[in-house]
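Residues: numbered from 1 along the sequence shown. Remember, it's 1-based here, ligands and their atoms both numbered in the order they're listed. Just the heavy atoms: all of them, side chains too, but no hydrogens, waters or symmetry mates, feed the values below. Model, not experiment: these values are computed from the prediction.
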Amino acid sequence: MLTLISATPSPYARKVRITLAEKNIPFTLQTEVPWDSTTKTPQYNPLEKLPVLILENGKEAVYESRFILEYIEAKYPDTKSMLPPAEDVDARLFARKVEVLADGICDALVLLFFEKQRANPSKEWQARQLRKVDGGLAALAKWVEGRDYVVCDSFGLADVAAGSVLGYLRVRWPDHPWMERHPELKAYSDKLEERQSFKETVPSPQKISDKIV
Ligand SMILES: N[C@@H](CCC(=O)N[C@@H](CS(=O)(=O)O)C(=O)NCC(=O)O)C(=O)O
């Protein structure tokens, strides 16, 4: 069986958990704190990041969430596709563009999270990351406006990625004003959180024991 190394707050890992659930692909969830020395992640990913998908042989591993999702789509063709039909090239590329934007917002949020923990956090660095978060959310809000799903009016990869970053904001930045600033994003996120695959993967904070910054 597949094993997914995940962490409770991880928006990147949530994308994979949601996708495996939507495709009804069974897997074992291995929850870790990638920042602690106890993590097994480096044994499977030299970049020491999760999520990591450990394949059935227990040895080979796939890492980097975008690639894990591409791998799952390619290797499990009989499951529900998370992408528009192959002939709709532009829609498929747009879905991946939404994932790039959503992941980029997550990247800036992670950098912001750790900068705030430094002894002397840089105001300029925090401002730069927050600009990326706010700019990314504004772009996402435009794509989502008035729609239930971002691409081709059906649930797919773009919604998994967009829903994961919005769910991450709920947990990691409860005081970020994105819901007031973009009510359409809030409505969109609320609807996604009603899906079973979202309900069973709600993120939560983790306790990091090691000193990392
Ligand atoms: N681009 C990567 C980012 C993954 C990532 O940053 N994972 C974090 C955990 S979390 O932020 O998702 O909770 C990690 O393992 N960090 C450990 C490290 O960077 O050494 C992906 O999409 O998989």
| query | Can you find a non-hydrogen atom of Ala13 under 4.0 Å from ligand 1? | reply | no
| query | Can you check whether Glu64 has an N/O within less than 3.5 Å of an N/O in ligand 1? | reply | yes
| query | Would you say Leu50 has any N or O atom under 3.5 Å from an N or O of ligand 1, going by distance alone? | reply |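 Yes: some nitrogen or oxygen of Leu50 is under 3.5 Å from one in ligand 1.
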| message | Within the supplied structure, the quantity of interest is the number of heavy atoms (other residues, nucleotides, ligands) at a distance under 6.0 Å from Lys23 NZ; does it exceed 12? | response |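 Buried by this count: over 12 neighbours within 6.0 Å.
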| message | For atom 20 (O) of ligand 1, what's the nearest protein heavy-atom neighbour? Residue, atom name and distance, please. | response |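 Checking every protein heavy atom, the shortest distance to atom 20 (O) of ligand 1 gives Glu48 O, 3.4 Å.
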| request: Starting from atom 22 (O) of ligand 1, find the nearest protein heavy-atom neighbour and note its residue, name and distance. | output: Ser65 OG, 2.5 Å
| field | Between Phe114 and Trp35, ring centroids under 6.0 Å | value | yes
| task | Using a 4.0 Å heavy-atom threshold (strictly under), name the region of Ser10 that reaches ligand 1: side chain, backbone, both or neither. | result |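 Contact part for Ser10 vs ligand 1: both backbone and side chain.
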| Which is it for Trp35 and ligand 1 at heavy atoms under 4.0 Å: side chain, backbone, both or neither? |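 Contact part for Trp35 vs ligand 1: side chain (C-beta onward).
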| request: Kindly compute the distance separating CG (Leu55) from OG1 (Thr3), expressed to the nearest 0.5 Å. | output: 9.5 Å
| said: Tell me whether Tyr12 shares a hydrophobic cluster with Ile212, the cluster being built from Ile, Leu, Val, Met, Phe, Trp, Tyr side chains joined at under 4.5 Å. | reply: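 Yes; Ile212 is reachable from Tyr12 via cluster members.
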| said: Determine whether a donor-acceptor pair (N or O, by modelled atom type, separation under 3.5 Å) exists between the side chain of Thr201 and the backbone of Ser197. | reply: yes
| field | Any side-chain donor near an acceptor of the partner, Glu32 and Thr39, under 3.5 Å | value | yes
